[in-house]
Amino acid sequence: MNPNIHSILDAMDAIEAAKYLLGAELIREIDGKLLRVRIVETEAYHQSDAASHSYHGRTPRTDVMFGSAGHLYVYFTYGMHYCCNVVVGREGYGAAVLLRAAEPLEGQTHMQQLRDKDGIALTNGPAKLCQALQIDKVLNGHDLAKNPCKLLLRDPLPLDQIVQTTRIGISKARDEPWRFYIRDNPYVSHT
DNA sequence: TGCCTGATGTTCT
DNA sequence: GAACATCAGGCAC
């Protein structure tokens, strides 16, 4: 049974949650096919973070980020890519954890078809992950306790398996060490 | 291996 | 009208 992800994530700030989500599984169901991945890389974003979408306040776009924890915040970027975040923290505070990379556990064949790629390139980047799991704006605001996209929390990883570094792919607040990944995992996008 | 660039939509100023 | 939490392909070294 999936524990209540809403109450667990509601009680965490983005940084705690970014660490906690490492090792968690994302289960996506598409046309009866099951795709399952293990999250291996995350980034924390919150309201007092200049690189966060919520930094400039609540707008129609960032609305779900300010909503209740345990929901999916999907946004479109660079004209061609989606990225997905897990909303965390209490309602009314704009915080989320960007899912940057994951390790396929089940349904690789279907992911290959969606991505037209194979191997590491399947899910080793935020937009790649979304493509492999067919996550787009339709799922923006989706409740991760429900099908067709569920978050399955796992026991927190031992701290010596988690690497904490500065974030990548952004221009603001580059120096904040709010990126986390699982040590020695080949699917981590950049080390 | 590593830099540079093009593709391209949505949001906010 | 510019910025953007990106990716993949091309070319130089």
Side-chain angles (χ1 to χ4, degrees), chain A residues 9 12-22 24 26 37 39-67 69 71-89 93-104 108 111-142 144 149 151 162-182 185-191:
Chain A
L9 296 174
M12 291 187 179
D13 64 39
I15 293 170
E16 277 180 282
K19 286 187 275 192
Y20 189 67
L21 288 174
L22 289 176
L26 206 55
V37 300
I39 298 166
V40 301
E41 184 181 351
T42 58
E43 279 179 9
Y45 288 90
H46 56 81
Q47 216 173 313
S48 45
D49 169 8
S52 170
H53 288 169
S54 59
Y55 183 67
H56 298 287
R58 196 165 183 162
T59 67
R61 179 203 198 186
T62 60
D63 200 49
V64 294
M65 223 175 145
F66 289 81
H71 290 245
L72 204 56
Y73 169 46
V74 183
Y75 66 89
F76 194 82
T77 190
Y78 292 101
M80 38 184 13
H81 297 296
Y82 291 103
C83 295
C84 63
N85 302 242
V86 177
V87 177
V88 302
Y93 185 80
V97 174
L98 170 67
L99 306 183
R100 287 198 56 90
E103 175 182 358
Q108 277 102 330
M111 292 183 209
Q112 282 166 20
Q113 289 167 6
L114 286 167
R115 284 272 304 132
D116 199 26
K117 295 280 183 229
D118 200 356
I120 301 291
L122 220 45
T123 51
N124 69 339
K128 301 179 191 181
L129 178 62
C130 283
Q131 196 183 354
L133 296 181
Q134 209 176 89
I135 291 173
D136 58 27
K137 62 183 177 186
V138 173
L139 283 175
N140 189 30
H142 173 74
L144 285 167
C149 187
L151 181 67
I162 297 177
V163 182
Q164 176 170 11
T165 66
T166 51
R167 293 175 297 184
I168 54 182
I170 55 174
S171 51
K172 296 168 196 156
R174 284 171 194 261
D175 298 331
E176 305 293 355
W178 295 331
R179 172 172 170 250
F180 303 89
Y181 60 89
I182 298 181
N185 189 288
Y187 286 92
V188 170
S189 61
H190 184 265
T191 55

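Letters A, B, ... mirror the listed sequences (proteins, then strands); counts begin at 1.
As a whole-Å value, the separation of A:Tyr75 OH from B:dT11 P is 13 Å. Between the P atom of C:dA5 and the CD atom of A:Glu41 lies a distance of 16 Å, rounded to the nearest Å. Look at NE2 on A:His53: it is 10 Å from C1' on C:dA3, rounded to the nearest Å. In this entry the distance linking CE of A:Met80 with C1' of B:dG6 reads 8 Å, nearest Å. Regarding A:Tyr82, its OH atom lies at a distance of 15 Å from the C1' atom of C:dC4, rounded to whole Å. A:Arg61 has its CZ atom 15 Å from the P atom of C:dA3, to the nearest Å. Look at NZ on A:Lys172: it is 5 Å from P on C:dC4, rounded to the nearest Å. Distance A:His81 NE2 to C:dT6 P: 9 Å, rounded to the nearest Å.
Among the nucleotides C:dA5, C:dG9, B:dC12, the one closest to the side chain of A:Lys117 is C:dG9. For A:Ala127, counting side-chain heavy atoms from C-beta on, the closest listed nucleotide (C:dA8, C:dC7, B:dT11) is C:dC7. Taking every side-chain heavy atom of A:Leu98 into account, C:dA5 is the closest of C:dA5, C:dC7, B:dT10.
Between A:Tyr82 and A:Phe76, the ring planes lie perpendicular to each other; the angle is over 60°, past the 30° to 60° tilted range.
Closest-nucleotide positions on DNA chain C for A:Asn124 and A:Ser171 were compared, and the one nearer the 5' end corresponds to A:Ser171. Along DNA chain C, the nucleotide nearest to A:Ala121 and the one nearest to A:Ser52 differ in position, and the one closer to the 5' end is contacted by A:Ser52.
Across all non-hydrogen atoms, the minimal contact from A:Val40 to A:Asn185 is CG1-ND2, 3.5 Å. A:Ala127 and A:Cys83 get closest at one heavy-atom pair: N-SG, 4.4 Å.
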Does the side-chain contact (heavy atoms from CB on, under 4.5 Å) test come out yes or no for A:Lys172 and A:Tyr55, once each step is laid out?
CA-CA 11 Å; A:Lys172 296 168 196 156; A:Tyr55 183 67; over 6 Å; no
For a side-chain contact (heavy atoms from CB on, under 4.5 Å) check, start with the C-alpha distance between A:Ser54 and A:Tyr45, then their side-chain angles and the critical distance, and finish with the verdict.
CA-CA 8 Å; A:Ser54 59; A:Tyr45 288 90; over 6 Å; no
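Shown for residues 128-137 of chain A: residues whose heavy atoms fall under 4.0 angstrom of DNA chain C, namely A:Lys128.
Remark: B:dC4 base-pairs with C:dG9; criterion is Watson-Crick or G-U wobble with both hydrogen-bond distances under 3.5 Å.
Phosphate proximity of C:dA8 to A:Arg115: present, with a side-chain N or O under 4.0 Å from OP1 or OP2.
No contact: A:His56 has no heavy atom under 4.0 Å from any strand.
You can call A:Tyr45 stacked on the base of C:dA5; the centres are under 5.5 Å apart and the planes sit within 30°. In this structure, A:Tyr78 packs face-to-face on the six-membered ring of C:dC4, meeting both the 5.5 Å centre cutoff and the 30° plane limit.
In this structure, A:Leu21 and A:Phe180 have side chains that are not in contact, with every pair of non-hydrogen atoms separated by 4.5 Å or more.
Using a 4.0 Å cut-off between charged side-chain N and carboxylate O, A:Glu41 and A:Arg179 make a salt bridge.
To the nearest 0.5 Å, atom OG of residue A:Ser189 and atom CZ of residue A:Arg100 are 4.0 Å apart.
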